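For reference, the structure is listed below as structure tokens.
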Amino acid sequence: MMELTAMDTVTALVDVDRPKVGRAVPRVAIVLFNLGGPDKIENVRPFLYNLFSDRAIIRAPSPIRQLLAWLITKRRLGPATENYEILGGGSPLLELTEQQARALEQALKPEIEAKCFVAMRYWHPMSEEAAKAVREWGPDEVILLPLYPQFSTTTSGSSLDAWREAAAKVGLVAPTKIVCCYHSDPGFVGATAAIVRRAYDEARAELDPSIPLRVLFSAHGLPESIVKAGDPYQWQVEQTVAAVVAAMDVPELDHVVCYQSRVTPQKWIGPSTEEEIKRAGQDGVAILVVPIAFVSEHSETLVELDIEYREEAKHFGVPAYFRAPAHNSDAGFIASLASLVRRTRGSERSLCSFRGGRTCPKVHGDCPHATRAYAPSRRVPAG
């Protein structure tokens, strides 16, 4: 028999094009990937350590990576604990993701019997727990759907690696397809633009007409070295912003893309959100901050954007500070996810962007369509 790799065991024992016989409505397991967050204060430390010990985040050999993870966790523990205390003692991310899961299941009825499973990367429920639940449910098909619209090796890529290992470990065997990105998907862009346009119009109505309003599209940052190595994240974020701005249809909209949440000392992609807040104060313009790479509220929106950056804006003399909400269970956003699932199921590809194939320019060598590192194998074992 042909030797199988870990990823092969996820899919290879079943013909990926052959549905189960006898079911009028297919049973489709949809695995929603997200970052995760501590559910109580005592879990902040292990959550942080899980995050910073990930080889996709800290790209150093194992002993050095563990040491760095320990040092960064020690340095970040105090501020992070304070943030989660502000949020009532834990992250709301799991609850919000579960709400998105139930809404997506409803959006796919009646043509698909869908069940969504949540796989968090750095705190429970993590991939192995989710993979066991998927195996026990016994789906005809599995769709892996990261709740990261823009692909990065540090987010979607890391989650897919963890899923591959977990599925192999628990013996999950099912035809599997992956949605790798949807940064410029028309449905996602339309839903996002509607959310931002509502926030923009509300801010504009509240402001004195003489005060200009600038939109800061704020995404989580990355070390510059990761992007230079081929990660497509920054390019995809910029594509999202360009598409959303076009869909908002606000003539000569003053806007900028910026990046937040720097946590390591090396140079990160920019400009930083803090720099843009300071510049807005110098320019005398009000700002509307939009979390463009987050689809759920969590500490980086509810604390960093709503509290810390608001205080910075006041310090730098920004005339007014507004913030657009994350997608959460917005009907348009859920409809866009349902459309992605339908199109992925109908595709002959096992690895799909919103357009089907690769969207990234060739310079971005870490695009999953370039590396094929995350594509499920289509091999079946030899007799």
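Heavy-atom basis, side chains included; hydrogens, waters and symmetry copies ignored. What you see is a predicted model, and the numbers here were worked out from it, not measured in a lab.
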**Item:** Check: Gln100/Ser296 side-chain N/O donor and acceptor closer than 3.5 Å
**Value:** yes

**Request:** State whether the number of non-hydrogen atoms from other residues, nucleotides or ligands found under 6.0 Å of Glu206 atom CD is greater than 12.
**Result:** no

**Prompt:** Val318 and Ile211: same hydrophobic cluster, using ILVMFWY side-chain contacts below 4.5 Å?
**Reply:** no

**Asked** Quick one: does Arg135's side chain have a donor or acceptor within less than 3.5 Å of a partner on Pro139's backbone?
**Response** no

**Message:** Is it the case that the side chains of Arg343 and Ser347 hold a donor-acceptor pair, with the cut-off being a distance below 3.5 Å and no angle test?
**Reply:** no

**Message:** Working to the nearest 0.5 angstrom, can you tell me the gap between Ile58 CD1 and Asp54 CG?
**Reply:** 9.0 Å

**Request:** Identify the two heavy atoms, one from Ser156 and one from Pro146, that lie closest to each other, and give their separation to 0.1 Å.
**Result:** OG-CB, 3.4 Å

**Message:** In this structure, would Leu145 and Ile334 fall into the same cluster of hydrophobic residues linked by side-chain contacts under 4.5 Å?
**Reply:** yes

**Request:** Begin with the C-alpha distance, continue with both residues' side-chain angles, and end with the deciding distance and a verdict on side chain to side chain contact (heavy atoms under 4.5 Å, CB included) for Gln99 and Asn328.
**Result:** CA-CA 8 Å; Gln99 291 172 7; Asn328 295 325; over 6 Å; no

**Fill in**
To the nearest 0.5 Å, atom CH2 of Trp70 lies from atom CZ of Arg45 at 8.5 Å

**Request:** Give a yes or no answer on whether the side chain of Ser336 reaches the backbone of Phe333 with a donor-acceptor pair at less than 3.5 Å.
**Result:** yes

**Message:** Do Trp123 and Asn50 pair up side chain to side chain, a donor and an acceptor below 3.5 Å, judged on atom types alone?
**Reply:** no

**Request:** Could you grab the distance from atom CD1 of Ile143 to atom CD1 of Ile112, nearest 0.5 Å is fine?
**Result:** 8.0 Å

**Arg358 side chain vs Cys360 backbone, donor-acceptor pair below 3.5 Å** = yes

**Request:** For the pair Glu141 and Arg27, find out whether any cationic side-chain nitrogen is under 4.0 Å from an anionic carboxylate oxygen.
**Result:** no

**Message:** Determine whether a donor-acceptor pair (N or O, by modelled atom type, separation under 3.5 Å) exists between the side chain of Thr344 and the backbone of Leu340.
**Reply:** yes

**Asked** So, does Tyr49 use its side chain to make a donor-acceptor pair with the main chain of Lys74 at under 3.5 Å?
**Response** no

**Request:** Examine Phe354 together with His183 and report whether their ring centres are nearer than 6.0 Å.
**Result:** yes

**Asked** Between Tyr233 and Leu51, is there a shared hydrophobic cluster once you connect ILVMFWY residues whose side-chain heavy atoms come closer than 4.5 Å?
**Response** no

**Prompt:** How long is the gap from CD1 on Ile41 to OH on Tyr84, to the nearest 0.5 Å?
**Reply:** 9.0 Å

**Request:** Answer yes or no on whether Lys115 is positioned over the face of Phe117, meaning its NZ or CZ is under 6.0 Å from the six-membered ring centre and within 45° of the axis.
**Result:** yes

**Request:** Name the orientation class of the two ring planes belonging to Phe188 and His327 (parallel below 30°, tilted from 30 to 60°, perpendicular beyond 60°).
**Result:** parallel

**Message:** Any side-chain to backbone donor/acceptor pair from Glu297 onto Ala326? Under 3.5 Å, distance only.
**Reply:** yes

**Whether Arg65 side chain and Ser53 backbone form a donor-acceptor pair below 3.5 Å** = yes

**Message:** By the definition side-chain contact (heavy atoms from CB on, under 4.5 Å), identify the one residue from Ile287, Val290, Val289 that meets it with Ser218.
**Reply:** Val289

**Message:** Quick check for you: to the nearest 0.5 Å, what is the distance between Ile226 atom CD1 and Trp268 atom CH2?
**Reply:** 7.5 Å

**Request:** Could you work out the complete set of other residues in the hydrophobic cluster of Val363, with links drawn between I, L, V, M, F, W and Y side chains under 4.5 Å apart?
**Result:** none

**Request:** Examine Val189 and Val245 and state if one hydrophobic cluster contains both, with Ile, Leu, Val, Met, Phe, Trp and Tyr joined whenever side-chain heavy atoms are less than 4.5 Å apart.
**Result:** yes

**Asked** Does any pair with a residue in residues 242-251 pass side-chain hydrogen bond (donor to acceptor under 3.5 Å, both in side chains), and if so which ones, sequence neighbours excluded?
**Response** none

**Fill in**
Minimal heavy-atom distance between Pro26 and Arg345, with the atoms involved, is CG-NH2, 3.4 Å

**Request:** Please name the pair of heavy atoms, one in Ala313 and one in Ile277, separated by the smallest distance, quoted to 0.1 Å.
**Result:** CA-CG2, 3.6 Å

**Message:** Any side-chain to backbone donor/acceptor pair from Arg262 onto Thr264? Under 3.5 Å, distance only.
**Reply:** yes

**Message:** Can you give me the closest heavy-atom contact between Ala324 and Leu288, atom names plus distance?
**Reply:** N-CD1, 3.6 Å

**Message:** Measuring only between side-chain heavy atoms, which start at C-beta, is Ile178 closer than 4.5 Å to Ser350?
**Reply:** no

**Request:** Would you check, one step at a time, whether the test side-chain hydrogen bond (donor to acceptor under 3.5 Å, both in side chains) holds for Ser261 with Glu304?
**Result:** CA-CA 8 Å; Ser261 309; Glu304 192 168 7; 2.7 Å; yes

**Prompt:** For the side chain of Gln260 and the backbone of Glu300, is there at least one donor-acceptor N/O pair under 3.5 Å apart?
**Reply:** yes

**Request:** Hey, could you give me each pair passing side-chain hydrogen bond (donor to acceptor under 3.5 Å, both in side chains) that has a residue in residues 237-246? Not counting sequence neighbours.
**Result:** Gln150-Thr240

**Prompt:** Should the ring pair Phe217 and His255 be called parallel, tilted or perpendicular, given that the plane angle runs from 0 to 90° and is split at 30 and 60?
**Reply:** perpendicular

**Request:** Could you tell me whether Glu276 and Arg279 have a side-chain N and a carboxylate O separated by less than 4.0 Å?
**Result:** yes

**Prompt:** Ion pair present between Lys278 and Glu274, side-chain N to carboxylate O less than 4.0 angstrom?
**Reply:** no

**Request:** Kindly compute the distance separating CZ (Arg355) from OG (Ser184), expressed to the nearest 0.5 Å.
**Result:** 7.5 Å

**Asked** Under 3.5 Å, is there a donor-acceptor pair linking the side chains of Thr153 and Asp231?
**Response** yes

**Message:** For Tyr321, is there any backbone N or O sitting under 3.5 Å from a side-chain donor or acceptor partner on Tyr309?
**Reply:** no

**Prompt:** Is there side-chain contact between Val25 and Glu111, with at least one heavy-atom pair below 4.5 Å?
**Reply:** no

**Item:** Leu71 vs Phe52 side-chain heavy atoms within contact, under 4.5 Å
**Value:** no

**Message:** Any carboxylate oxygen within less than 4.0 angstrom of a Lys/Arg side-chain nitrogen, looking at Asp330 and Arg198?
**Reply:** yes

**Item:** Pair Asp161 + Arg121, salt bridge at N-O below 4.0 Å
**Value:** no

**Prompt:** Is there side-chain contact between Phe151 and Val179, with at least one heavy-atom pair below 4.5 Å?
**Reply:** no

**Asked** Under the side chain to side chain contact (heavy atoms under 4.5 Å, CB included) criterion, do Met120 and Glu129 qualify, and how do the steps go?
**Response** CA-CA 10 Å; Met120 297 299 192; Glu129 298 165 70; over 6 Å; no

**Over 12 non-hydrogen atoms of neighbours within 6.0 angstrom of CD in Glu224** = yes

**Where Gly221 and Tyr259 come nearest, the two heavy atoms and their spacing** = CA-CB, 3.8 Å

**Request:** Check Thr371 against Gly365 and note the closest heavy-atom contact, atom names and distance.
**Result:** CG2-O, 3.2 Å

**Item:** side chain to side chain contact (heavy atoms under 4.5 Å, CB included) assessment of Leu104 paired with Leu32
**Value:** CA-CA 10 Å; Leu104 180 55; Leu32 301 177; 4.2 Å; yes

**Item:** Arg102/Glu98 ion pair, N-O < 4.0 Å
**Value:** yes

**Message:** According to a hydrophobic-cluster definition based on side-chain heavy atoms being under 4.5 Å apart (Ile, Leu, Val, Met, Phe, Trp, Tyr only), do Leu160 and Leu351 belong together?
**Reply:** yes

**Request:** Step by step, work out the side chain to side chain contact (heavy atoms under 4.5 Å, CB included) result for Lys177 and Leu144.
**Result:** CA-CA 6 Å; Lys177 291 182 178 178; Leu144 305 182; over 6 Å; no

